[in-house]
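Below you'll find the structure, written out as structure tokens, and then a few comments.
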Amino acid sequence: MKRSFWLIETDHSPIVATALHSGHTLRSDLKDKMALDELERLREEDPFTDIFTQIVKNRIIDYHTRFEVDFNRPRHNAVYKYPDDAWGLHIWHTALSKSEIEKSLSFYDFFYKEMEMYFSNIIKEYGHVVVLDIHSYNHRRSGPDAPYDDPLLNPEINVGTKTLENPHKWQHLIDRVIEEMKEYNYLGRHLDVRENIKFYGGYFAQWIHEHFYPNACVLSMEFKKIFMDEWSGKVDRKQVKEVKKMLEAILPVIEEELHKMKEK
């Protein structure tokens, strides 16, 4: 199902992959008001994460930029209005009107209405759902020629699980997924994969857990932008392909753990 804003694909599986910040499109009535240029927007978006979702047939991809409306934030601040909402960036030449904000929020409301039905149907069929909530993040924020941000505080993959308040049922699955990613041979080395170091999971994960716990587990995966230059937007296709292969490698682990749950 392809909407003007997002893509929803459904297949018979309890595993879903999402890319809520991969979009770059800005609706036409806001373009003259947007103060950021294309590259400035792209830097804070999550390009290529939609490619990572191709590992499964259940996919949710947002095509529009998060600067129009952010499905991964609570409704009251889903539309960025001020620099404090967006890393200090001056977003709009002139303030958005009430009607412009309401139009953006109407898409937000429609999205979550569809999500309610989408996840309810999967859980009705399988009894549970695992969501790979895929994002990426910058690690050279001081500038294109500045040193990289401290790697001790910026793992190459940050798995956010704190929106799952009581992870007991899912802890073994979470631990196994993280271990599988740590052990994956990524172009001759192992990636730095850690849990809840820089990101804990956003509102989308929180909403799923609030509505569908204990039958839902969201792994909010933040990939450091090692597969691209965050300042120029230039992509390393070899690394994009390898990240996708690594994500494919965790699917049998998830399927095995879900099978064990079903047998209990």
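If you're wondering where the values come from, they're calculated on a predicted model, not measured in any experiment. Residues take their numbers from the sequence shown, with the count starting at 1. Below, all heavy atoms of this structure are taken into account, side chains as well, without hydrogens, waters or symmetry copies.
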Pairwise side-chain contact, Tyr184 with His190, heavy-atom cut-off 4.5 Å (strictly under): no
Steps toward side chain to side chain donor-acceptor pair (under 3.5 Å) verdict (Glu165, His209): CA-CA 8 Å; Glu165 291 187 5; His209 288 142; over 6 Å; no
Heavy-atom side-chain proximity of His128 to Ile123 below 4.5 angstrom: no
Residues, nucleotides or ligands: over 12 heavy atoms within 6.0 Å of Lys241 NZ: no
Main-chain N/O of Trp92 paired with His90 side-chain donor or acceptor, under 3.5 Å: yes
Lys/Arg-Asp/Glu bridge criterion (N-O < 4.0 Å) met for Arg75, Asp109: yes
Side chains of Asn138 and Arg141 in contact at under 4.5 Å (non-hydrogen atoms): yes
Donor-acceptor contact below 3.5 Å, side chain Glu156 vs main chain Val193: no
Note, Asn58 side chain near Thr10 side chain (heavy atom, < 4.5 Å): yes
Single-linkage hydrophobic cluster Ile197~Met221, side-chain heavy atoms < 4.5 angstrom: no
Any donor-acceptor pair under 3.5 Å from Tyr118 side chain to Ile60 backbone: no
Lys198 and Asn154: CA distance, side-chain angles, deciding distance, side chain to side chain donor-acceptor pair (under 3.5 Å) verdict: CA-CA 6 Å; Lys198 190 176 180 72; Asn154 296 270; 3.0 Å; yes
Residue list, side-chain hydrogen bond (donor to acceptor under 3.5 Å, both in side chains) with Glu179, at least two apart or on another chain: none
4.5 Å side-chain heavy-atom contact, Met261 and Trp170: yes
Side chain proximity check, Leu219 to Asp133, heavy atoms < 4.5 angstrom: no
Single-linkage hydrophobic cluster, 4.5 Å side-chain cutoff, Tyr200 and Leu132 together: no
His21 and Glu45, any side-chain heavy atoms less than 4.5 Å apart: no
Basic-acidic side-chain contact under 4.0 Å: Glu242, Arg237: no
More than 12 heavy atoms from other groups under 6.0 Å of NE2 on His93: yes
Full working for side chain to side chain donor-acceptor pair (under 3.5 Å) between Glu222 and Ser136: CA-CA 5 Å; Glu222 291 274 358; Ser136 63; 6.0 Å; no
Glu44/Arg66 salt bridge by N-O under 4.0 Å criterion: no
Same cluster (ILVMFWY, side-chain, under 4.5 Å), Phe110 and Ile101: yes
Ile174 and His172: CA distance, side-chain angles, deciding distance, side chain to side chain contact (heavy atoms under 4.5 Å, CB included) verdict: CA-CA 5 Å; Ile174 293 168; His172 196 253; over 6 Å; no
Whether Tyr108 and Phe71 hold their rings parallel, tilted or perpendicular, with breakpoints at 30° and 60°: tilted
Salt-bridge present (Glu38, Arg41; N to O < 4.0 Å): yes
From CE (Met246) to CD (Glu248), nearest 0.5 Å: 10.5 Å
Residues, nucleotides or ligands: over 12 heavy atoms within 6.0 Å of Asp150 CG: yes
Over 12 non-hydrogen atoms of neighbours within 6.0 angstrom of OH in Tyr112: yes
Mutual orientation of the aromatic rings belonging to Phe204 and Phe111 [parallel < 30°, tilted 30-60°, perpendicular > 60°]: tilted
Side chain to side chain donor-acceptor pair (under 3.5 Å) evaluation trace for Ser104 with Arg27: CA-CA 10 Å; Ser104 293; Arg27 73 173 192 261; 2.7 Å; yes
Partners meeting side chain to side chain contact (heavy atoms under 4.5 Å, CB included) with Glu210 (sequence neighbours left out): Gln206
Side-chain (Glu100) to main-chain (Ser97) donor-acceptor, under 3.5 angstrom: yes
Test side chain to side chain contact (heavy atoms under 4.5 Å, CB included) applied to Trp6 and Glu114, His64, Met115, the passing residue: Glu114
Arg140 versus Tyr148, side-chain donor and acceptor atoms under 3.5 Å: yes
Sidechain-backbone polar pair: His211 side chain, Trp207 backbone, donor-acceptor under 3.5 Å: yes
Side chain Asp37, main chain Glu40, donor-acceptor under 3.5 Å: yes
Check: Tyr137 ring centroid to Phe199 ring centroid under 6.0 Å: yes
Joint hydrophobic cluster, Leu187 plus Ile157, side-chain heavy atoms closer than 4.5 Å: yes
Parallel, tilted or perpendicular, as decided by the 30° and 60° cut-offs, for the rings of Tyr80 and Trp87: perpendicular
Donor-acceptor pair, side chain of Lys238 and main chain of Phe227, under 3.5 angstrom: no
Donor-acceptor side-chain pairing of Gln171 and Asp175 below 3.5 angstrom: yes
Donor-acceptor contact below 3.5 Å, side chain Ser13 vs main chain Ile15: yes
Validation row: Met181, Ile250 side chains within 4.5 angstrom (heavy atoms): yes
same_hphob_cluster(Ile8, Met117) at 4.5 Å side-chain heavy-atom cutoff: no
